[in-house]
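Counting starts at 1 for both ligands and their atoms, following the listed order.
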Amino acid sequence: MRLSRYYAPTLKETPAEAEVVSHKLLLRAGMIRKLTAGIYTYLPLGLKALNNVANIVREEMDRAGALEILMPAVQPADLWKESGRWEFYGRELLRFVDRHDRESCLGPTHEEVVTDLVRHEIRSYRQLPVNLYQIQMKFRDEIRPRFGLMRGREFVMKDAYSFDKDDAGADASYWAMYKAYARIFERLGLKFRAVSADSGAIGGSFSHEFMVLAATGEDTIASCPACDYGANLEKAEAVCPPPGQLAPCPAAETVATPGKHTVEEVAAFLGVDAKKIVKTLLYVADGKPVAALVRGDRALNEVKLKNLIDAKDLRLASPEEVVAATKAPVGFAGPVGLAGITLYADQELALENGWIVGANTADAHLRQVDLSRDAKVASFTDLREVAPGDPCPKCGAALAFTKGIEVGHVFKLGLKYSKALNATFLDEAGKEQFMIMGCYGIGVSRIVAACIEQNNDEAGIVFPPPIAPFEVALINLGPKDEAAVAKADELYDALNKAGVETLLDDRDERPGVKFKDADLMGFPIQLTLGGKGLARGIVETKDRRTGEKGELPLEGFLEAFMAWRENVRQGWGLE
Ligand code: ATP
Ligand code: MG
């Protein structure tokens, strides 16, 4: 491709609406353009990157035995009513009525459609297992679609669905997808981590998220440097020894803590460690007040609380609600005598007694509190957020925190959709059974953004070679010099023939403009042909990732180039 005839409108200024670096750079490098909120056109460079990702995903799905299909974007409401999701899927589901007054929606995911397909065709265990996938445009009416391709309303997903006759088969299907995903992200040249997305279960977990590691990621991952344990912060388990016999504690007594609201203030005022204080946090769960207790130096994990009480909606109580519930100003809530409110305590609070807690009275706390004696705690369980350095639940080594972007999810669904939609088959004994399902998503367009979040610098994008729209930018500094043009054309043909996709910058532009654009667009390899180099019989090279410059001889160029290209790829950790 020749840049003089290409459509890659670059921008000098960063568009104000772009908040994250991938969004800024995709716009500036002329890869995407916004049509309306969360909806983008892929320009030639952006589409090439997207297709590069999609092709690797497709190859690995095929290798794992999945079969490609293409399902419709428009789905009838009836199917969603059958699965029960018409009611439960929130406003992300874009619903509309067609000219015949039929309720419909734009597919945010395809469990219903694929289960409907399979239930009409599969009759016998002999037809199982089957794994069907597609690479298709999804629509989700996200509330805040402001991160470009990272969180679009319209986006490209690879979604696969497996159907098995028994549990062992379903587990095998799951792990085959897990392995395919690991290969996909390795082949893409991305640093990633698979994290357990199940709460509680270690080992036997059948839900993993694949995270691309990037300092700008929305998710925090707790991972173990010593073993393969990795979990989203919201799911990471806190390790806690079993409670033993507690020493008796003298009767609780009130202490004055005038104007001391926070744990730090109370600890400093009473001259105790924050570890001796219990934080009482008031929440409203599905309209009902509840209280969560954690040690003063810990943070509550709201997801754990939400799961524990199986709440649909959980929010912190407002200051007015706190005052109404505790009859005291904010900052003095405590578990003793808190009438009508269910108390949930973190498991650590069962290990000791003699706690300091809010007294539900202005300017006062209680000390020598024994939670089992003085309060009505409904349960002691894991409610706190883990912190860096906490022991790994699997091997005990110190956990480390990193940031990541969710790019894929593998999930064992079990019978949820096959039961709801009655997808059955006859087993070996002629007995009717429900198919066991799994679903496996990859955010194809999000990967393009995530790879940029992971790989960029002040000058622009630094594409991993497998994703880069072109592997090589060949910059001709003398577009009006016949000898240079002839040489550039020769190299361009040789590279493309050798399967190295090359973009030839043949524009009549200043060298500075050409170098800036090549850097901005992020091609992994830059080759520069100039008058002086030509005279010396060399072409200049630059590895975009390291910035390292060098030269290759024009005599025997292709061979020398291919050898050097291997080094560049190895630097990316690619085979
Ligand atoms: P998130 O928590 O980020 O909203 P999700 O749990 O809703 O993701 P899934 O339903 O598991 O995502 O979809 C599979 C994959 O599709 C995700 O891992 C993610 O990579 C991608 N994806 C989901 N929502 C979007 C979006 N709005 N824009 C781009 N990609 C998305
Ligand atoms: Mg979502």
Side-chain angles (χ1 to χ4, degrees), residues 19-20 22-23 26 32 34 36-40 42 46 49-50 53-54 56-57 61 71 73 83 85 88-94 106-114 133-161 174 177-178 180-182 184-185 188 190 192-199 206-214 216-221 232-235 303 403-413 416-417 437-454 467:
E19 288 173 55
V20 298
S22 60
H23 190 192
L26 282 163
I32 59 167
K34 176 166 130 179
T36 184
I39 300 184
Y40 295 88
Y42 293 82
L50 183 78
V53 174
I56 288 179
V57 169
M61 295 313 286
M71 290 182 272
S83 75
R85 284 208 286 187
F88 284 106
Y89 216 101
R91 300 193 59 191
E92 278 182 28
L93 184 65
L94 186 67
L106 279 184
T109 174
H110 282 68
E111 282 83 3
E112 282 82 358
V113 175
V114 76
Y133 81 97
Q134 64 174 346
I135 296 176
Q136 190 254 10
M137 197 62 99
K138 296 279 180 282
F139 194 94
R140 292 183 184 179
D141 208 355
E142 302 271 358
I143 315 186
R144 269 179 237 96
R146 59 193 168 140
F147 297 136
L149 298 189
M150 198 78 90
R151 186 170 294 285
R153 290 200 296 154
E154 209 179 88
F155 61 96
V156 180
M157 198 203 283
K158 183 286 301 175
D159 43 329
Y161 305 89
Y174 180 89
M177 285 294 105
Y178 181 99
Y181 276 37
I184 287 167
F185 295 110
L188 289 170
L190 295 172
F192 73 98
R193 187 102 199 181
V195 303
S196 158
D198 259 0
S199 46
F206 283 102
S207 172
H208 285 87
E209 288 172 354
F210 283 76
M211 306 288 223
V212 161
L213 305 181
T216 52
E218 277 186 330
D219 293 291
T220 301
I221 306 162
N232 247 333
L233 179 55
E234 53 187 41
K235 307 277 168 59
V303 175
K403 292 278 183 187
I405 299 164
E406 185 200 321
V407 286
H409 193 179
V410 290
F411 193 71
K412 184 173 168 188
L413 282 166
K416 183 170 175 199
Y417 294 93
M437 289 176 61
C439 70
Y440 318 94
I442 286 189
V444 176
S445 47
R446 183 180 284 183
I447 288 174
V448 175
C451 96
I452 297 172
E453 294 289 332
Q454 186 179 81
I467 303 178

Inset, instruction - Of the side chain and backbone of Met157, name the one, both, or neither that has a heavy atom under 4.0 Å from an atom of ligand 1. - result: side chain

Inset, instruction - Would you check whether Phe155 has a nitrogen or oxygen atom less than 3.5 angstrom from a nitrogen or oxygen atom of ligand 1? - result: no

Inset, instruction - Look at the side chain of Arg446 and the backbone N and O of Met150, then say whether any donor-acceptor pair between them is shorter than 3.5 Å. - result: yes

Inset, instruction - Assess Glu209 for proximity to ligand 1: is some non-hydrogen atom of it under 4.0 Å away? - result: no

Legend entry - Sub-4.0 Å atoms of ligand 1 with respect to non-hydrogen atoms of Arg446: 3 (O), 19 (C), 20 (O), 22 (N), 23 (C), 24 (N), 25 (C), 26 (C), 29 (C), 30 (N), 31 (C)

Legend entry - Arg91 side chain reached by Ile143 side chain, heavy atoms, under 4.5 Å: no

Legend entry - Flag side-chain contact, heavy atom, 4.5 Å: Gln454 against Ile405: no

Legend entry - Under 4.0 Å to a heavy atom of Gly408 - the qualifying atoms of ligand 1, by number: 18 (O)

Inset, instruction - Can you spot which of Gln136, Lys138, His409 makes a side-chain hydrogen bond (donor to acceptor under 3.5 Å, both in side chains) with Asp159? - result: Lys138

Inset, instruction - Examine ligand 1 and decide if any of its atoms is less than 4.0 Å from a heavy atom belonging to Ser445. - result: no

Inset, instruction - Say whether Thr109 and ligand 1 are in contact under the criterion: heavy-atom distance to a ligand atom below 4.0 Å. - result: no

Inset, instruction - Check each of Glu19, Glu406, Glu218, Glu92 against Arg151 using the salt bridge (Lys or Arg N to Asp or Glu O under 4.0 Å) test, and report the only one that passes. - result: Glu218

Inset, instruction - Could you pull out all residues at least two apart from Glu111 that satisfy salt bridge (Lys or Arg N to Asp or Glu O under 4.0 Å)? - result: Arg85

Inset, instruction - For Glu142, take its heavy atoms, then give the atoms of ligand 1 lying under 4.0 Å from any of them. - result: 24 (N), 26 (C), 27 (N)

Legend entry - Flag side-chain contact, heavy atom, 4.5 Å: Thr109 against Tyr161: yes

Inset, instruction - Measure the distances from the heavy atoms of Leu149 to every atom of ligand 1 and state whether one is below 4.0 angstrom. - result: yes

Legend entry - Within reach of ligand 1, part of Arg140 (heavy-atom separation under 4.0 Å): side chain

Legend entry - Proximal atoms of ligand 1 relative to Gly443 (non-hydrogen, under 4.0 Å): 15 (C), 16 (O), 20 (O), 21 (C)

Legend entry - Those atoms of ligand 1 less than 4.0 Å from some heavy atom in Val407: 18 (O), 20 (O)

Legend entry - Atom pair CD/CG of Glu154 and Leu106 - distance to nearest 0.5 Å: 8.5 Å

Inset, instruction - Could you see which bit of Arg151 sits under 4.0 Å from ligand 1, with heavy atoms only: side chain, backbone, both or neither? - result: both

Inset, instruction - List in chain and number order the residues that pass salt bridge (Lys or Arg N to Asp or Glu O under 4.0 Å) with Lys403, two or more places apart in sequence or in another chain; answer none if no residue qualifies. - result: none

